[in-house]
Amino acid sequence: MSKKDKLSTEAYKGVRDFYPEDQAFFNYLCHACQSVAERFGYAEYHASILEPAELYKAKGAESEEIVNEQTYTFVDRGGREVTLRPEMTPTVARMVAAKRRELGFPLRLFSIPNVFRYERPQRGRLREHWQLNVDIFGSRSLSADAEVIAVAHALMLQLGAKESDFTIKLGSRAFIDELAKKYSLAPDVAKLFTQLLDRRAKMPAEEFEEKLSELGIPNEALSPADLPSDVGEIISLLKESGVTNAEFDPSIVRGFNYYTGVVFEIFDTHPENNRALFGGGRYDNLTELFDDEPLPGVGFGMGDVTIQNFLELRGLKPAYVSAATLYLATASPEALPHTTAMAEELRKNNINVAVDFGEKKLGEQIKTAAKQHIPYLMVVGADEIASGNFVARNLDTGEETKLTQNEIVSFFNNN
RNA sequence: GUGGUCGUAGCUCAACGGUAGAGCCCUGGUUUGUGGUACCAGUUGUUGUGGGUUCGAAUCCCAUCGACCACCCCA
């Protein structure tokens with residue numbers, strides 16, 4: 001059969017396969033997210049990737065482009081319109097609204113869901129990515145905004161970043177609304193103003209000022225000197241908790257329509273990656289989709305793809321090490337029962353051991369262990385069985401340690 | 001959705017209208033029990049796919065699929 005008749009081994013467009021090395025990094029990332037979120041008292045939740053399509057079609061819930069052109073939406077066998085969630089916030093708002101009488105507030109929640117958007121893949125953006133979501137519901141206090149930002153900050157430090165590696169830029173939807181009111185902007189003009197702010201960093205200063213004055217807004221209006229009171233309050237709260245790289249940036253507006261208060265973005269300060277890594281903000285009206293009782297929320301979402309790019313660029317991505325610490329090579333088929341018994345004994349002592357069944361030459365067995373990044377190798381054969389003396393080889397350094405049968409467990413428990 | 005660059009061996013790439021190549025990897029051997037360094041030998045393939053132009057196409061043209069980059073948007 002020719003190759004043409006075979007299936008392609010390529011993954012679907014814009015999605016990734018997670019080989020052991022990728023999965024190990026993903027696990028590392030998840031553990032970092034989980035430990036930081038839990039340190040701040042956030043509880044983990046989970047939901048299906050499937051949602052009724054109307055969740056995203058509700059007015060004002062979301063950017064129209066995402067709903068109309070970037071969702072995976074299909075009709076199920078029962079005629080229901082179903083959407084693969086493009087983000088988690090509507091889902092968590094739905095969950096919280098459904099059980100609001102039973103959940104205590106302020107309610108701190110986090111999750112690491114995969115989300116889907118049908119769009120053209122490029123650097124830092126795929127059709128499926130995993131996104132840490134951290135949200136706090138039921139508080140209008142600016143301390144809640146500050147706390148959520150502090151979680152994002154702590155997470156960056158947990159991943160090995162220094163404060164100088166990133167900046168936290170804060171903007172304010174309320175500030176924009178005030179300006180719109182002050183200069184009597186019509187709603188459509190106010191929207192243009194928001195879009196212009198969003199694109200500010202992508203155009204020369206003169207062009208921005210020109211377009212700004214076309215909308216009837218003087219440049220002085222955006223002076224960072226007179227920062228909005230909510231932003232100022234949050235920045236000083238952050239300073240009190242040791243976060244010193246936050247600043248006001250009036251051009252931070254965020255894309256989603258549901259934001260109502262302070263919004264923020266974490267920016268990479270690296271000259272080659274000067275972009276927003278992730279962000280979030282306050283959304284006080286989102287649960288109004290479900291009932292009339294107001295329930296304020298504030299949170300952020302961090303994507304695994306962009307943060308991985310950041311960590312790679314900064315040399316902060318940890319080297320892969322296999323979960324198995326020891327590979328037991330089998331010198332000859334007759335030795336296999338002994339290898340298996342030895343592995344079983346080591347496993348009882350919580351050592352992760354993989355066994356080679358001895359089907360290939362010893363050199364090949366060692367190569368297998370090296371390819372799979374297993375740190376230690378030990379050969380089991382007639383000589384070792386007869387003498388009770390083994391050699392543990394570190395496959396990274398080549399260092400060899402002679403061990404008697406009784407010393408093996410303690411050696412691996414200490415390495 | 002718009003624009004640009006690019007698809008050649010498992011991987012990284014060369015050949016740019018005239019017989020498809022190198023390095024790494026892989027297989028075997030030097031070494032019938034010790035990889036990553038050495039030496040010898042060997043397999044790499046409908047040049048993404050489908051059309052077209054040409055005596056002749058990996059090379060030029062069209063379409064399509066995919067990758068990358070910049071927009072839009074956003075993580």
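In what follows, every chain begins at residue 1, and chains take the letters A, B, ... in the order their sequences are listed.
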Electrostatic pair [X]:[Y] at N-O distance under 4.0 angstrom:
| X | Y | answer |
| --- | --- | --- |
| A/Glu407 | A/Lys402 | no |
| A/Glu54 | A/Lys57 | no |
| A/Arg117 | A/Glu87 | no |

Verify the contact: side-chain N or O of A/Lys360 to OP1 or OP2 of B/U32, cut-off strictly under 4.0 Å; return yes or no.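 A/Lys360 to B/U32 OP1/OP2: no side-chain N or O under 4.0 Å.
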
Phosphate OP1/OP2 of B/G29 contacted by A/Lys361 side-chain N/O (<4.0 Å): yes

For [N] versus [M], give the span between their [atom1] atoms, rounded off to a whole number of Å.
| N | M | atom1 | value |
| --- | --- | --- | --- |
| B/C62 | B/C40 | P | 47 Å |
| B/U8 | B/U59 | C1' | 11 Å |
| B/G45 | B/U27 | P | 16 Å |
| B/G29 | B/C61 | P | 49 Å |
| B/U37 | B/U5 | P | 40 Å |
| B/A15 | B/G50 | P | 25 Å |
| B/C25 | B/C11 | P | 15 Å |
| B/U31 | B/G18 | C1' | 47 Å |

Side-chain donor/acceptor of A/Ser387 to backbone N/O of A/Asn389, under 3.5 Å: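 Checked: pair present.
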
Is the side chain of A/Arg127 donor-acceptor paired with the backbone N or O of A/Glu119 at a distance under 3.5 Å, no angle test? yes

Please report, rounded to the nearest Å, how far the [atom2] atom of [N] is from the [atom1] atom of [X].
| X | N | atom1 | atom2 | value |
| --- | --- | --- | --- | --- |
| A/Phe390 | B/U34 | CZ | C1' | 15 Å |
| A/Glu364 | B/C25 | CD | P | 13 Å |
| A/Leu29 | B/A75 | CG | C1' | 12 Å |
| A/Arg127 | B/A67 | CZ | C1' | 13 Å |
| A/Leu126 | B/G66 | CG | P | 14 Å |
| A/Glu87 | B/A75 | CD | C1' | 11 Å |

Of the nucleotides [options], which one has an atom closest to the side chain of [X]?
| X | options | value |
| --- | --- | --- |
| A/Gln70 | B/U34, B/A70, B/C73 | B/C73 |
| A/Pro121 | B/C68, B/U27, B/G35 | B/C68 |
| A/Gln122 | B/C71, B/G35, B/U27 | B/C71 |
| A/Arg254 | B/A75, B/C26, B/U27 | B/A75 |
| A/Ala382 | B/G33, B/U27, B/C25 | B/G33 |
| A/Arg120 | B/G29, B/U2, B/A75 | B/U2 |
| A/Lys13 | B/G66, B/U34, B/C69 | B/G66 |
| A/His129 | B/A75, B/G35, B/G33 | B/A75 |

Go nucleotide by nucleotide along RNA chain B from the 5' end; which of A/Met302 and A/Lys371 gets its closest nucleotide reached first?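 This one resolves to A/Lys371.
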
Along RNA chain B (nearest heavy atom to each residue), the more 5'-positioned of A/Val15 and A/Gly381: A/Gly381

N/O donor-acceptor pair, side chain A/Glu119 with base B/A75, under 3.5 angstrom: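 Checked by distance alone, the answer is yes.
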
Looking at B/G33, does its base get a donor-acceptor pair with the side chain of A/Glu384 below 3.5 Å? yes

What is the nucleic acid contact for A/Gly14, judged by heavy atoms within less than 4.0 Å: base, sugar-phosphate only, or nothing?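 Contact class for A/Gly14: sugar-phosphate only.
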
Would you mind classifying the nucleic acid contact of A/Gly363 as base, sugar-phosphate or nothing, using non-hydrogen atoms under 4.0 angstrom? sugar-phosphate

Assigned partner base of [N], Watson-Crick or wobble definition, under 3.5 Å:
| N | value |
| --- | --- |
| B/G50 | B/C62 |
| B/G35 | none |
| B/C25 | none |
| B/C71 | B/G1 |
| B/G45 | none |

For A/Phe208, all residues meeting ring pair (Phe, Tyr, Trp, His ring centres under 6.0 Å), sequence neighbours excluded: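 With neighbours one apart ignored, the set is empty.
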
Once base and sugar-phosphate atoms are separated, protein heavy atoms under 4.0 Å mark nucleotides 36-44 of chain B, 5' to 3', with B, S and - as B--------

Cation-pi geometry met for A/Lys317 and A/Phe25 (6.0 Å, 45°):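 Yes, a cation-pi geometry holds between A/Lys317 and A/Phe25.
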
Residues forming a side chain to side chain donor-acceptor pair (under 3.5 Å) with A/Glu128, sequence neighbours excluded: A/Asn114

Please report the C-alpha distance between A/Met378 and A/Met342 in whole Å, then the side-chain angles of each, then the deciding distance to 0.1 Å, and finally whether the side-chain contact (heavy atoms from CB on, under 4.5 Å) criterion is met. CA-CA 11 Å; A/Met378 226 161 61; A/Met342 192 165 182; 3.4 Å; yes

Assess the pair A/Tyr376 and A/Phe411: is the distance between their ring centroids shorter than 6.0 Å?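 Yes, close enough.
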
